[in-house]
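Have a look at the structure below, then the notes.
Please read all numbers here as calculations on a predicted model, not as lab measurements.
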Amino acid sequence: MAILNILRYPDARLHKVAKPVTEFGERINKLVADMAETMYDAPGVGLAASQVDVHEQLIIVDTSETKDELRVFINPTIVWASAEKQVYDEGCLSVPGIYDGVERPAQIKVSALDASGKPFEFSADGLMAVCIQHEMDHLMGKVFVEYLSPLKRNRIKAKMLKEERGIEREAALRAAGRRH
């Protein structure tokens, strides 16, 4: 297993639409394992393959306290969503440190494939429903900050770019220090 690099907003690759998974086997199993290790290490409760620059329709979610209830959804589709909405403060591993309220359907039913390609349906509410919808947005090239006002989104984008420049500057200084 390996910890994968998580793309950070506003990286343009986060806006690529993911393609359906058509082949199952060792590659998908390794991707799921690597994504799980990455998500738990971050730490997070969900991760889409798009966030690790693999643009295939695969998401993982684990909202359990014990972090031992990993759920894998391949080629997920929401087949039913409640009219009732709820607002949750969402965060994202691609937008670290930022949380804001997003309104989504309170309950959903998802049709998907498991890691071996077997179809299943899954009903969710609460945090699980929020996470599934949030991760499915990534597969469509959408990041949760796009639900926020343009003003908030621009402030978040500026903050993320400033942090990225700081990270790059630190790396350059470390690299320069090693050469002397």
Side-chain angles (χ1 to χ4, degrees), residues 1 4 6-7 9 11-95 99-148:
M1 292 196 304
L4 305 171
I6 298 172
L7 300 177
Y9 181 79
D11 192 307
R13 293 171 290 179
L14 288 168
H15 300 295
K16 284 180 79 172
V17 175
K19 295 184 178 352
V21 172
T22 57
E23 293 183 30
F24 295 82
E26 190 176 322
R27 184 186 70 84
I28 288 296
N29 291 333
K30 181 176 178 355
L31 178 58
V32 167
D34 290 348
M35 285 175 61
E37 185 175 2
T38 302
M39 178 185 75
Y40 291 132
D41 181 70
V45 294
L47 188 65
S50 300
Q51 291 177 272
V52 294
D53 204 19
V54 177
H55 301 282
E56 296 181 66
Q57 294 179 12
L58 189 161
I59 66 172
I60 60 170
V61 177
D62 186 347
T63 59
S64 70
E65 292 290 323
T66 51
K67 301 299 174 206
D68 61 356
E69 295 178 22
L70 184 71
R71 298 199 179 273
V72 177
F73 300 85
I74 297 176
N75 302 340
T77 305
I78 295 175
V79 294
W80 175 84
S82 67
E84 177 191 352
K85 306 281 189 200
Q86 64 185 0
V87 176
Y88 257 83
D89 258 1
E90 293 187 26
C92 182
L93 296 177
S94 292
V95 195
Y99 300 88
D100 212 320
V102 176
E103 183 179 70
R104 298 184 185 273
Q107 292 115 13
I108 59 169
K109 182 186 274 187
V110 179
S111 175
L113 304 174
D114 67 15
S116 63
K118 182 181 171 201
F120 69 95
E121 284 196 344
F122 183 79
S123 295
D125 60 8
L127 180 59
M128 179 63 79
V130 170
C131 288
I132 292 169
Q133 293 172 83
H134 175 110
E135 300 309 331
M136 285 180 68
D137 277 351
H138 280 297
L139 302 181
M140 299 308 299
K142 188 169 186 173
V143 180
F144 91 98
V145 297
E146 293 172 47
Y147 287 99
L148 308 179

Exercise for the section: Measure up the Phe73 and Phe120 rings against each other and bin them: parallel (under 30°), tilted (30 to 60°), perpendicular (over 60°). Expected result: tilted
What's the spacing between [X] [atom1] and [Y] [atom2] if we round to 0.5 Å?
X: Tyr40; Y: Asp68; atom1: OH; atom2: CG; answer: 7.5 Å
X: Ser94; Y: His138; atom1: OG; atom2: NE2; answer: 5.0 Å
X: Cys131; Y: Ile60; atom1: SG; atom2: CD1; answer: 11.0 Å
X: Leu139; Y: Gln57; atom1: CG; atom2: CD; answer: 6.0 Å
X: Thr38; Y: Leu93; atom1: OG1; atom2: CG; answer: 9.5 Å
X: Tyr9; Y: Phe144; atom1: OH; atom2: CZ; answer: 9.5 Å

Please check: side-chain N/O of [X] versus main-chain N/O of [Y], any donor-acceptor pairing under 3.5 Å?
X: Ser82; Y: Ala106; value: yes
X: Glu146; Y: Val143; value: yes
X: Gln133; Y: Ala129; value: yes
X: Ser111; Y: Thr77; value: no

Handout entry: Candidate pair Lys67 and Val45, rule side chain to side chain contact (heavy atoms under 4.5 Å, CB included), full reasoning
Key = CA-CA 9 Å; Lys67 301 299 174 206; Val45 294; 3.5 Å; yes
Exercise for the section: Apply salt bridge (charged side-chain N to carboxylate O under 4.0 Å, His left out) to Glu56 and Arg27, showing your working. Expected result: CA-CA 12 Å; Glu56 296 181 66; Arg27 184 186 70 84; 2.9 Å; yes
Practice task
Check step by step if side chain to side chain contact (heavy atoms under 4.5 Å, CB included) holds for Leu58 and Met35.
Solution key: CA-CA 10 Å; Leu58 189 161; Met35 285 175 61; 3.6 Å; yes
In the structure I gave you, are the side-chain heavy atoms of [X] and [Y] within less than 4.5 Å of one another anywhere?
X: Pro105; Y: Ile78; result: no
X: Met128; Y: Phe122; result: yes
X: Gln86; Y: Val130; result: yes
X: Leu70; Y: Met39; result: yes
X: Leu113; Y: Val21; result: no
X: Val72; Y: Ile74; result: yes

Problem - Minimum heavy-atom distance Pro76-Ala112, with the two atoms named - result: CA-CB, 3.9 Å
Exercise for the section: Taking all non-hydrogen atoms of both residues into account, name the closest pair between Gly101 and Leu148 and its distance. Expected result: O-CD2, 3.8 Å
Practice task
Give a yes or no on this: more than 12 heavy atoms of other residues, nucleotides or ligands lie within 6.0 Å of atom NZ of Lys19.
Solution key: no
Practice task
Look at atom NZ of Lys16 and say whether more than 12 heavy atoms of other residues, nucleotides or ligands are closer to it than 6.0 Å.
Solution key: no
Exercise for the section: Take Tyr147 and Asp100 through the test side-chain hydrogen bond (donor to acceptor under 3.5 Å, both in side chains) and record every step on the way to the result. Expected result: CA-CA 9 Å; Tyr147 287 99; Asp100 212 320; over 6 Å; no
Practice task
Scan for ring-ring contact (aromatic ring centres under 6.0 Å, His included) pairs involving residues 11-30, sequence neighbours excluded, and state none if there are none.
Solution key: none
Practice task
Take Leu14 and Gln51 through the side chain to side chain contact (heavy atoms under 4.5 Å, CB included) test and state the conclusion after the steps.
Solution key: CA-CA 6 Å; Leu14 288 168; Gln51 291 177 272; 4.3 Å; yes
Handout entry: Within residues 114-123 or reaching into it, pairs that qualify as side chain to side chain donor-acceptor pair (under 3.5 Å) - sequence neighbours excluded
Key = Asp114-Ser116
Problem - Stepwise side chain to side chain contact (heavy atoms under 4.5 Å, CB included) check, Arg104 with Asp137 - result: CA-CA 11 Å; Arg104 298 184 185 273; Asp137 277 351; 3.0 Å; yes
